[in-house]
Amino acid sequence: MAATPQPGRVRIGVSGWRYAGWRGDFYPRGLPQRRELEYIGTHFPTVEINGSFYSLQRPDSYRRWRAEVPDDFCFAVKGSRYVSHMLRLRDVDQALANFFASGLLALGSQLGPILWQLPERQKYDPVVLESFLRSLPRTTGEAQQRAERHDERLDGRAWTEIEEDVRLQYALEPRSATFDDPEALRMLRQHDVALVAADTAGRWPRFDALTGDHAYVRLHGAQMLYHSAYTAAELDEWADLIVSWADGTGASDGRPRDVYVYFDNDARGHAPHDAEALIASVAQRTGG
């Protein structure tokens, strides 16, 4: 008799952690700003680094962030908007080399999925998407080789070391309905890239197809983008879906998956409170 597959791990956290509105609310009054990530690490198993979207971070930052959280904490890293929004996934080899040299490899075993968020104007183009997916390094060893080809802008501030050669995970968050295409889904499955399930208050399409060996969820707000809190009923619906993906009952292939979930409804400080509530809702369903 075949053994029952073990369910995947569910990691729920927030996107970013430096928000003035959280101070004196989620963060205790008087908590030094330099200890905010440490505080996140006592409440959540993961966080999404979003500063990497706006500019290349520095190795010292990644090393410091890693030192401030528990050893089993996981960092998702948001890919550079220079790649996704300016180059629009075209001719990205040098930009990817600089991105991977900027320090994320210093996270070592705590590096989680790398997220690529696309602008709404980025329509599905099979040639562009296939070329981009093929250009992504599949392991930290390949990423190291890519990082070593950084240009002079990173001279003296590059990180090109790895602790071990392990597989990298990726997630793609398109905001154009044109990605609701069987060929696009096939391509993502072929490259083992998770299609992000994003809740955006109806502003952009939501995709629930599972295309990678993990699932990635971004919760931007159900009623008002970035602003609204989630109701208990809305969180329960997400908990049901997340648990079904983790244990495989909600997947067409029946395979359990690790699930990463990040709240981005931070404009009014709801994200960390909603994340805690979702953790509790998932625990009720799993006995965790």
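Just so you know, residue 1 is the first one in the sequence shown, and it goes up from there. When reading the values below, keep in mind they use all heavy atoms of this one structure, side chains included, and skip hydrogens, waters and symmetry mates.
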Check: [X]/[Y] side-chain N/O donor and acceptor closer than 3.5 Å:
| X | Y | result |
| --- | --- | --- |
| Gln117 | Arg81 | no |
| Asp192 | His214 | no |
| Arg88 | Ser84 | no |
| Trp116 | Glu173 | no |
| His270 | Asn265 | no |

Does [X] have more than 12 heavy atoms from other residues, nucleotides or ligands lying within 6.0 Å of its [atom1]?
| X | atom1 | result |
| --- | --- | --- |
| Asp91 | CG | no |
| Asp253 | CG | yes |
| Arg63 | CZ | no |
| Arg29 | CZ | no |
| Met224 | CE | no |
| Tyr82 | OH | no |
| Arg186 | CZ | yes |
| Arg58 | CZ | no |

Quiz item: Under 6.0 Å from the six-membered ring centre of Trp245 and within 45° of its axis: does the NZ or CZ of Arg257 meet both?
Solution: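 Not flagged: Arg257 not positioned over aromatic ring of Trp245.
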
Would you call [X] and [Y] a salt bridge, using N to O less than 4.0 angstrom?
| X | Y | value |
| --- | --- | --- |
| Asp247 | Arg255 | no |
| Lys78 | Glu48 | no |
| Arg167 | Asp213 | yes |

Step through it carefully: locate the ring centre of [X], locate the ring centre of [Y], and say whether they are under 6.0 Å apart.
| X | Y | value |
| --- | --- | --- |
| His85 | Phe53 | yes |
| Tyr19 | Tyr27 | no |
| Tyr39 | Phe26 | yes |
| Phe44 | Phe73 | no |

Donor-acceptor contacts, no H, no angles, side chain residues 98-105, under 3.5 Å, sequence neighbours left out:
{"unit_1": "Asn98", "atom_1": "OD1", "unit_2": "Gln94", "atom_2": "NE2", "d": "3.3"}
{"unit_1": "Asn98", "atom_1": "OD1", "unit_2": "Asp151", "atom_2": "N", "d": "3.0"}
{"unit_1": "Asn98", "atom_1": "ND2", "unit_2": "Asp151", "atom_2": "OD1", "d": "3.3"}
{"unit_1": "Asn98", "atom_1": "ND2", "unit_2": "Asp151", "atom_2": "OD2", "d": "3.1"}
{"unit_1": "Ser102", "atom_1": "OG", "unit_2": "Phe99", "atom_2": "O", "d": "2.6"}

Any idea which heavy atoms bring [X] and [Y] closest together, and the distance?
| X | Y | answer |
| --- | --- | --- |
| Ser109 | Arg66 | OG-NH2, 3.6 Å |
| Tyr262 | Ala76 | OH-CB, 3.4 Å |
| Arg23 | Arg18 | NH2-CG, 3.7 Å |

Within a strict 4.5 Å, meaning less than it, do heavy atoms of the [X] and [Y] side chains meet?
| X | Y | value |
| --- | --- | --- |
| Trp238 | Val217 | yes |
| Leu278 | Ile242 | yes |
| Leu118 | Leu89 | yes |

Quiz prompt | Pairs touching residues 125-139 that satisfy salt bridge (charged side-chain N to carboxylate O under 4.0 Å, His left out), sequence neighbours left out | solution =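 Non-adjacent pairs meeting salt bridge (charged side-chain N to carboxylate O under 4.0 Å, His left out): Glu130-Arg134.
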
